[in-house]
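This report concerns only the one structure given below.
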Amino acid sequence: MSCRQPREFSVDAVPAEVLAQRPDIYAAAQDVVAASAASVQADAQRSGNAQAAANGFDRAYQATAASYRAGATSLFDLEDARRSLVAAQNTMIDLHRERLFAWIALYRSVGGGWTSTLPTPLAQHPNTRVDVPVASHPHPRHPA
């Protein structure tokens with residue numbers, strides 16, 4: 001899983017007249033860029049390590065599955081290998097989610113924003129009628 005990287009931001013691209021009026025903005029922008037670069041580098045290393053672990057657990061699961069099919073390994077061992085593989089995959093998903101939340105936080109911290117456009121649930125939509133089917137016969141275990 002990869003996360004698209006945003007374009008590089010250069011604090012030096014800020015116009016000189018803005019810097020003259022608001023030097024605190026320049027200092028804040030430098031801090032954000034430095035923190036972002038360190039965070040991206042740490043995330044990349046953690047993701048690489050987690051991907052290597054997930055690949056290793058996948059190979060171990062494949063080997064255990066082949067051994068189980070040959071009758072040399074128990075079902076318990078196969079399920080233990082599967083559990084380890086799923087845990088490693090969950091770790092990859094968690095890292096990806098954390099990375100996305102970090103990018104959102106960074107975007108919001110530099111003034112970005114958006115409005116929520118979540119869809120209205122079908123049952124609450126004003127032009128939708130939701131019919132609930134009614135059983136034509138009583139439930140077999142509960143006579144009428």
Side-chain angles (χ1 to χ4, degrees), residues 1-15 18-19 22-144:
M1 291 179 212
S2 67
C3 183
R4 282 186 48 195
Q5 302 295 322
R7 292 179 294 162
E8 285 294 317
F9 173 76
S10 173
V11 177
D12 299 325
V14 177
V18 171
L19 294 177
R22 300 290 308 265
D24 55 329
I25 292 176
Y26 181 76
Q30 283 180 323
D31 291 344
V32 168
V33 169
S36 174
S39 176
V40 167
Q41 185 177 12
D43 284 347
Q45 183 176 3
R46 284 181 27 196
S47 291
N49 293 342
Q51 183 65 53
N55 291 342
F57 281 116
D58 184 48
R59 285 190 305 275
Y61 172 74
Q62 297 302 326
T64 305
S67 181
Y68 176 74
R69 285 189 299 273
T73 303
S74 70
L75 180 61
F76 178 80
D77 291 335
L78 178 65
E79 291 305 317
D80 189 46
R82 184 189 327 261
R83 180 194 52 80
S84 297
L85 173 60
V86 169
Q89 291 170 339
N90 283 338
T91 299
M92 290 292 300
I93 291 168
D94 290 343
L95 287 172
H96 185 70
R97 186 188 71 237
E98 287 176 19
R99 189 176 326 125
L100 291 175
F101 284 152
W103 281 118
I104 291 169
L106 177 62
Y107 179 75
R108 293 174 97 183
S109 72
V110 295
W114 60 86
T115 58
S116 176
T117 56
L118 295 175
T120 304
L122 183 62
Q124 295 176 0
H125 198 276
N127 298 328
T128 303
R129 180 175 165 204
V130 178
D131 292 325
V132 178
V134 178
S136 60
H137 59 279
H139 192 277
R141 292 191 184 181
H142 303 287

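All values reported here derive from a predicted model rather than from experimental measurement.
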Legend entry - Set of salt bridge (Lys or Arg N to Asp or Glu O under 4.0 Å) partners for R82, sequence neighbours left out: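 If we apply the salt bridge (Lys or Arg N to Asp or Glu O under 4.0 Å) test to R82, skipping adjacent residues, the hits are E79.
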
Inset, instruction - State the CG-CG distance between N90 and L95, to the nearest 0.5 angstrom. - result: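 CG of L95 is found 11.0 Å from CG of N90.
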
Legend entry - Pairwise distance CZ(R83) to CZ(F57) - rounded to 0.5 angstrom: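 Going from CZ on R83 over to CZ on F57, the span is 8.5 Å.
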
Legend entry - Nearest heavy-atom neighbours spanning A54 and M92: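 Closest heavy-atom pair between A54 and M92: CB-CG, 4.1 Å.
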
Legend entry - Nearest atoms (heavy-atom pairs only) where Y68 meets L78: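 Heavy atoms of Y68 and L78 come nearest at CD2-CD2, 3.7 Å.
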
Inset, instruction - Using the test side chain to side chain donor-acceptor pair (under 3.5 Å), find all partners of N49 that sit at least two apart in sequence or belong to another chain. - result: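 Per chain and number, N49 pairs via side chain to side chain donor-acceptor pair (under 3.5 Å) with no residue.
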
Legend entry - Check: T64 side chain, A60 main-chain N or O, donor-acceptor pair, under 3.5 Å: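 Confirmed, T64 side chain pairs with A60 backbone.
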
Legend entry - salt bridge (Lys or Arg N to Asp or Glu O under 4.0 Å): pairs with one or both residues in residues 33-52, sequence neighbours excluded: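 Pairs touching residues 33-52 that pass the test: R46-E98.
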
